[in-house]
Amino acid sequence: MKVRTRFAPSPTGALHVGGIRTALFAWLVARQAKGQFVLRLEDTDKKREQAGAEEQIINSLKVLGLQYDEGPDCGGQFAPYRQSERLESYKQWAQKLIDKGRAYADPYTVEEVQKFRDEAQKAKKPFLYRNHRPTQPPKWNGKTPLRFQSEPKPYKWHDEVLGDLNTGPEVVDDFILIKSDGYPTYNFSHIIDDAEMEISHVIRGQEFIASTPNYLNLYEALGLERPILATMPHILGPEGKKKLSKRDGAKDVLDYIEAGYLPEALVSFISTLGWNDGTEQEIFTVEELIDKFDLKKVQRSGAKFDEQRLEWTNGHFIREMPLNKLSPIAESFWPEAAERFDEQYKKDVLSLVQERLKFMAELPQLTSFFFSEPKISEVKELFDNPTDRQLKSASKLQIKALLVESAKVLEPSDFTEKDITSRLNGLLEQLNTKPGILFAAIRIAITGSKSSPQLFGTLRVLGKDKSLERLKRAIETLRS
RNA sequence: GGUCCCAUCGUCUAGUGGUUAGGACACUGGGUUCUCAUCCCAGCAACAGGGGUUCGACUCCCCUUGGGAUCACCA
C-alpha cells in the first residue's frame with residue numbers, strides 16, 4: 001500500500017506541542033514506509049484566521065526537520081494545498097451529493113437552529129438537527145448552508161491506536177457541508193481532500209473521534225473508501241487535566257527554539273510523550289524513531305506535559321553534542337558583552353559550561369563573568385556574608401592573606417591548566433588550608449559568584465591578566 | 001444530560017495470567033579528596049474501588065468511582 005500521511009492544521013495560531021506531536025507521528029509513519037508526508041492548510045474559517053500563522057506553522061515544521069513532500073509553499077501533484085484554493089472541488093462534490101438527494105439547503109436561520117438546540121439542552125437531550133429536517137427544502141442557492149442528509153446507523157470501525165470502536169445511530173446527524181459564506185466546513189472539506197490527495201492514514205487528535213461516525217456516513221454517501229484512522233490522545237497541561245492549550249504558557253514550538261532548545265531534543269521528548277518502543281530507552285534520535293515508531297504502541301490515555309523532563313532531555317542532547325556543532329547554535333545566546341571576544345575564547349567558555357546547560361538561554365547567567373568584570377559589590381557581599389560553611393570558618397583577614405598568596409603563586413605561571421593546578425595545589429599544602437576555603441575564596445574573587453565551572457579551567461580560560469587583576473581587586477575590597 | 005474514550009510510582013511509562021511490579025524525570029542521601037553541574041551508587045514512591053472468571057490476576061469480564069472528548073455556519 002502506498003502510504004501517504006498528512007498534517008492539516010488551520011492557520012489560527014502557532015503550533016503547540018500537541019499539534020507538533022500529531023505532525024511528528026504522521027511524518028514518522030510516512031518516512032518509515034518511504035511514503036509521502038503532506039502539509040495541507042485548513043483555512044476555511046476566515047474569521048479565526050491569523051496573519052502569519054501559516055508561516056509559523058511552516059517554520060515550526062521545518063525547524064524540527066519534519067520536511068513535507070507536498071505543501072502550500074512547495075506544491076505537489078495534488079496542488080493546491082490550501083483549502084481556500086480548492087473551493088471549486090468542494091462545490092463539485094457537493095453537487096454530486098445534491099444530485100443523489102444526500103444534501104439539501106438549510107432553510108432555518110441561525111436563531112431558529114439555536115432555538116432547537118436550546119430546547120434539546122433544556123430537555124437534557126443531545127441536539128440532533130435531523131429531528132428538524134425540513135420535508136420540502138428549497139433549492140440550494142449557495143446563500144444558505146448546505147447540509148448533509150445523513151443515513152443514521154450504528155458504526156463499528158478500527159482505530160490504529162484505540163482499537164475497535166463503535167457507536168449507535170444516535171450520533172449521526174445532518175451536519176453542514178458548505179457554510180453560507182461559500183466555504184466548506186472541516187467536516188466536509190477534509191474528507192474530500194484526503195480522498196483526492198490519496199491520503200492513506202488520517203492521524204489526528206482525540207477531538208474528532210466523536211464525529212467519526214458522521215465521516216463514515218459521508219464516505220459511504222460519496223462512494224469513497226475510508227482511510228486508516230489513528231487517534232492521538234491529548235497532551236495535557238501541567239496543572240490540571242485539561243487538554244493543553246495556548247493558555248498554558250510557552251508551549252509554542254518556536255518559543256522553545258528561541259529559548260535554546262535543540263530540535264532533536266524536542267523531537268525526542270515529544271515522541272516519548274505518549275509513545276515508547278517497549279524497551280527502557282529514554283532518548284531517541286530521529287533515525288531511531290523512523291525505524292522504531294509504531295502507531296500501535298501509542299498510549300491510549302492523555303499525557304501530561306512535563307517541563308522538567310524536557311529540560312533534562314535537552315540537557316542530555318547538549319552534553320552529547322560535539323563542541324563544533326554546539327558552538328554555532330550558542331552564537332545568538334551569548335551575553336551582550338561577549339561581542340568583543342573572539343570565537344576561540346567563546347568556544348573555550350562554552351566547553352566549560354556545556355555540561356551544566358539545560359537550554360541555551362541560560363548561557364548569559366552562566367558565563368557573564370567571562371566577558372565582564374564581576375560587580376565589586378557582589379564580591380564584597382559574598383565575602384562579608386559567606387554562606388559556605390567552610391568559608392565562614394575563616395576570617396576576612398585570613399581570606400585576604402590567602403588571596404595575596406594565590407596571586408603571588410600564580411604570578412609566574414604560564415597559565416596552562418596543568419600549571420595552575422599544580423601551583424594552587426602546592427599552595428594548599430604550603431599554607432595547610434582546606435580547598436573548600438582557598439578555592440572558594442578564589443572563585444568569589446574571580447567570578448563574583450558562589451558557583452562556577454571548575455576553578456582551574458575557569459582561570460585558564462579567563463587568562464592570566466584578568467585573573468590576577470581580579471584577584472588584586474578582591475584583595476582591595478577586603479582591605480576595608 | 002446523551003454518546004464515546006481512558007485509568008500502573010507526583011510525572012512519562014514497561015508489563016499482555018504466575019515478576020521481589022522494571023526504567024526514566026523529579027525528590028532525598030552518599031561518592032567523584034573545590035562550589036555548582038555532570039557522572040556513579042543508594043533510597044523514596046504505583047497497579048482507583050468492588051465483584052466475578054481462574055489453581056492463580058496489574059493483566060480477561062462486569063459494576064462503581066474518577067478523568068477526558070464531543071453534542072458549532074471552529075477546526
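Numbered from 1 within each chain, the chains take letters A, B, ... in sequence-line order.
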Could you give the [atom1]-to-[atom2] distance, from [X] to [N], as a whole number of Å?
X         : N       : atom1 : atom2 : result
Arg319(A) : rC39(B) : CZ    : C1'   : 9 Å
Ile235(A) : rG68(B) : CD1   : P     : 17 Å
Glu282(A) : rU13(B) : CD    : C1'   : 8 Å
Leu165(A) : rU70(B) : CG    : P     : 15 Å
Asn314(A) : rA24(B) : CG    : P     : 20 Å
Phe269(A) : rA26(B) : CZ    : C1'   : 13 Å
Asp294(A) : rA14(B) : CG    : P     : 12 Å
Phe208(A) : rG68(B) : CZ    : P     : 20 Å

Sticking with atom [atom1], work out how far [N] lies from [M], rounded to a whole angstrom.
N       : M       : atom1 : answer
rG67(B) : rA48(B) : P     : 16 Å
rU19(B) : rC47(B) : C1'   : 13 Å
rU38(B) : rC44(B) : P     : 22 Å
rA57(B) : rU8(B)  : C1'   : 14 Å
rG10(B) : rA46(B) : C1'   : 10 Å
rU70(B) : rC63(B) : C1'   : 24 Å
rU54(B) : rC62(B) : C1'   : 16 Å
rA75(B) : rG18(B) : P     : 49 Å

Query raised in the report: Does Asp194(A) pair with Arg40(A) as a salt bridge, N-O distance under 4.0 Å?
Result: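 Looking at Asp194(A) and Arg40(A), the cut-off is met.
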**Report entry** Lys/Arg N to Asp/Glu carboxylate O, Lys325(A) vs Glu320(A), below 4.0 Å
**Finding:**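 The answer is no: the pair does not qualify as a salt bridge.
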Checking side-chain polar atoms at under 3.5 Å, does [X] have a donor or acceptor matched by the opposite partner on [Y]?
X         : Y         : answer
Glu429(A) : Asn425(A) : no
Gln281(A) : Asn276(A) : no
Gln354(A) : Ser351(A) : no
Tyr104(A) : Asp174(A) : yes
Glu112(A) : His132(A) : no

Students often get this wrong, so: under 4.0 angstrom with heavy atoms, is [X] touching a base, only sugar-phosphate, or nothing?
X         : result
Lys47(A)  : sugar-phosphate
Gly315(A) : nothing
Glu170(A) : sugar-phosphate
Pro453(A) : base
Ala303(A) : sugar-phosphate
Val110(A) : base
Phe456(A) : base
Arg204(A) : nothing
Lys297(A) : sugar-phosphate
Ser452(A) : base
Asp173(A) : nothing

It should be established whether [X] places a side-chain nitrogen or oxygen under 4.0 Å from OP1 or OP2 of nucleotide [N].
X         : N       : value
Asn276(A) : rA14(B) : yes
Gln299(A) : rA14(B) : yes
Arg300(A) : rG68(B) : no
Lys124(A) : rC71(B) : no
Arg309(A) : rU13(B) : no
Thr44(A)  : rA75(B) : yes
Lys179(A) : rA75(B) : yes

Which one is paired to [N], where only Watson-Crick or G-U wobble pairs with both distances under 3.5 angstrom count?
N       : value
rG29(B) : rC41(B)
rC4(B)  : rG68(B)
rU20(B) : none

If you check every side-chain atom of [X], which of [options] has the closest atom?
X         : options                   : value
Phe127(A) : rC71(B), rU11(B), rA75(B) : rC71(B)
Trp312(A) : rU70(B), rU35(B), rA26(B) : rA26(B)
Gln308(A) : rU35(B), rA75(B), rC25(B) : rC25(B)
Pro126(A) : rG1(B), rA75(B), rG23(B)  : rG1(B)
Glu280(A) : rA75(B), rC4(B), rG23(B)  : rG23(B)
Ala210(A) : rU3(B), rU70(B), rC34(B)  : rU70(B)
Thr167(A) : rC4(B), rC73(B), rA75(B)  : rC4(B)
Ser451(A) : rA75(B), rG68(B), rU35(B) : rU35(B)
Leu273(A) : rC12(B), rC6(B), rA75(B)  : rC12(B)

Query raised in the report: So does Ser301(A) reach the base of rC6(B) with its side chain, donor to acceptor, closer than 3.5 Å?
Result: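 It does not, because no donor-acceptor pair links the side chain of Ser301(A) to the base of rC6(B) below 3.5 Å.
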Query - Heavy-atom donor-acceptor pair, Arg117(A) side-chain to rA72(B) base, under 3.5 Å - result: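 Checked by distance alone, the answer is no.
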Query raised in the report: So which one's nearest nucleotide on RNA chain B is more toward 5', Gln83(A) or Gln454(A)?
Result: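 That would be Gln454(A).
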**Report entry** Comparing Thr279(A) and Leu128(A) on RNA chain B - which has the more 5′ nearest nucleotide
**Finding:**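 On the 5' side of the pair lies Thr279(A).
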Requested in this report: Classify the ring geometry between Phe305(A) and Tyr256(A) as parallel (under 30°), tilted (30 to 60°) or perpendicular (over 60°).
Outcome: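 Tilted, since the angle between the ring planes falls between 30° and 60°.
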Query raised in the report: Would you call the rings of Tyr129(A) and Tyr108(A) parallel, tilted or perpendicular if under 30° counts as parallel and over 60° as perpendicular?
Result: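 Rings of Tyr129(A) and Tyr108(A): perpendicular, over 60°.
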Query raised in the report: What's the verdict on ring-ring contact (aromatic ring centres under 6.0 Å, His included) for Trp334(A) and Phe371(A), showing C-alpha distance, side-chain angles and the deciding distance?
Result: CA-CA 10 Å; Trp334(A) 290 110; Phe371(A) 305 103; 5.5 Å; yes
